[in-house]
Amino acid sequence: MALQTALAVQAAGARVLRAGVFKPRSSPRSFQGLGTRALDILHEVKATTGMPVVTELTDVRRLEEVADIADAVQVGARNMHNYALLTELGRTELPVLLKRGLSATVDELLLAAEYVLCEGNERVILCERGIRTFESAYRFTLDVAAVAVLHERTHLPVVVDPSHAAGRRALVLPLSLAAVAVGADGLLVEVHPAPHLALCDGDQALRTDEFAAYQRQVQRLGAFIRGCEAEVDGLVPETELESA
Ligand code: PEP
Ligand code: MN
């Protein structure tokens, strides 16, 4: 399934594969990820596709085995405040994909990033993935304003995870478009060949067969936004933009 997913998203233009091996679940009784043996799966998928892989590190004791295979390490929302983990990753050269905590402020996210940076590792990517509010009509509230504010406050790239915010497939495209419009540097999207069989987060996963159409819409908006920015900068005449 991992390979099938990777090949499908790669064909549609995805550049990096993110797959969870160790899963930090709210309940200890929920599926915790396949663990170490899934590192072998990831290894195989990486060798076959040539795609760089990102996977989550939940426990500092797993650093070595994860670093062996991962091109970047995710620190999940529930671990954003795990300063021992952040410090240890700061002592590596691995890019760190740092997700915003469920109830963390922008300041707290930036300070968490600082734990990595001040150890000498400058490769931090921030990720807005939705925060807890009073709203319950979807899983988390995607804080698009935070993306704009983070761009004001830091040079670090900011990506958006629309999947965990949405909680359901139908909302993933609209939230992705909002993320592109606000200037996200990338999107982290969950995709599965058979979401109804997924052991975790199936409701929010796009199907592999719908990913190409999704990707096209995201790309088109991205191109339009870049055109608008170029026009504001006086690089593209407005008429050209309209025909695009
Ligand atoms: C995930 O990325 O699969 C995940 C568990 O996300 P978060 O840490 O944002 O809840
Ligand atoms: Mn998930």
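This one's a predicted model, so the numbers in the text were calculated from it and none came from an experiment. For ligands, and for the atoms within them, numbers begin at 1 and follow the listed sequence.
- With sequence neighbours excluded, no residue forms a salt bridge (charged side-chain N to carboxylate O under 4.0 Å, His left out) with D233.
- In the vicinity of R78, heavy-atom distances shorter than 4.0 Å reach the ligand 1 atoms 7 (P), 8 (O), 10 (O).
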Per-pair distances, 0.1 Å, donor-acceptor, side chain in residues 38-46, under 3.5 Å, sequence neighbours excluded:
residue: K46; atom: NZ; partner: I69; partner atom: O; Å: 2.8
residue: K46; atom: NZ; partner: D71; partner atom: OD1; Å: 3.3
residue: K46; atom: NZ; partner: D71; partner atom: OD2; Å: 3.1

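- The atoms of ligand 1 that sit less than 4.0 Å from any heavy atom of G76 are 8 (O).
- L188 and V9 are assigned to two separate hydrophobic clusters, defined by single-linkage of ILVMFWY side chains at heavy-atom distances under 4.5 Å.
- Protein heavy atom nearest atom 6 (O) of ligand 1, with residue, atom name and distance: K99 NZ, 3.0 Å.
- Rounded to the nearest 0.5 Å, atoms CZ (R25) and SG (C200) are 3.5 Å apart.
- With respect to atom 5 (C) of ligand 1, the closest heavy atom belonging to the protein is H164 NE2, 3.9 Å.
- Remark: the Q204 side chain and the R139 side chain contain an N/O donor-acceptor pair separated by less than 3.5 Å.
- Within ligand 1, counting atoms from 1 as listed, the ones closer than 4.0 Å to a heavy atom of A77 are 7 (P), 8 (O), 9 (O).
- Annotation: side chain to side chain contact (heavy atoms under 4.5 Å, CB included) contacts of L7 (sequence neighbours excluded): L3, Q10, T49.
- For R100, the closest heavy-atom approach to ligand 1 does not fall below 4.0 Å.
- In this structure, R129 satisfies the cation-pi test against F140, with its NZ or CZ atom closer than 6.0 Å to the six-membered ring centre and inside 45 degrees of the ring normal.
- Between the CZ atom in R78 and the OG atom in S26 there is a gap of 4.0 Å [rounded to 0.5 Å].
- In this structure, atom 2 (O) of ligand 1 lies nearest to the protein heavy atom R18 NH1, 2.5 Å.
- Distances under 2.8 Å from the Mn ion (ligand 2) pick out the protein N/O/S atoms H164 NE2, E190 OE2, D201 OD2.
- Residue-ligand proximity, E190 to ligand 1, at heavy-atom distances under 4.0 Å covers atoms 3 (O).
- The contact set between ligand 1 and K23, taken as ligand atoms under 4.0 Å from a residue heavy atom, comprises 3 (O).
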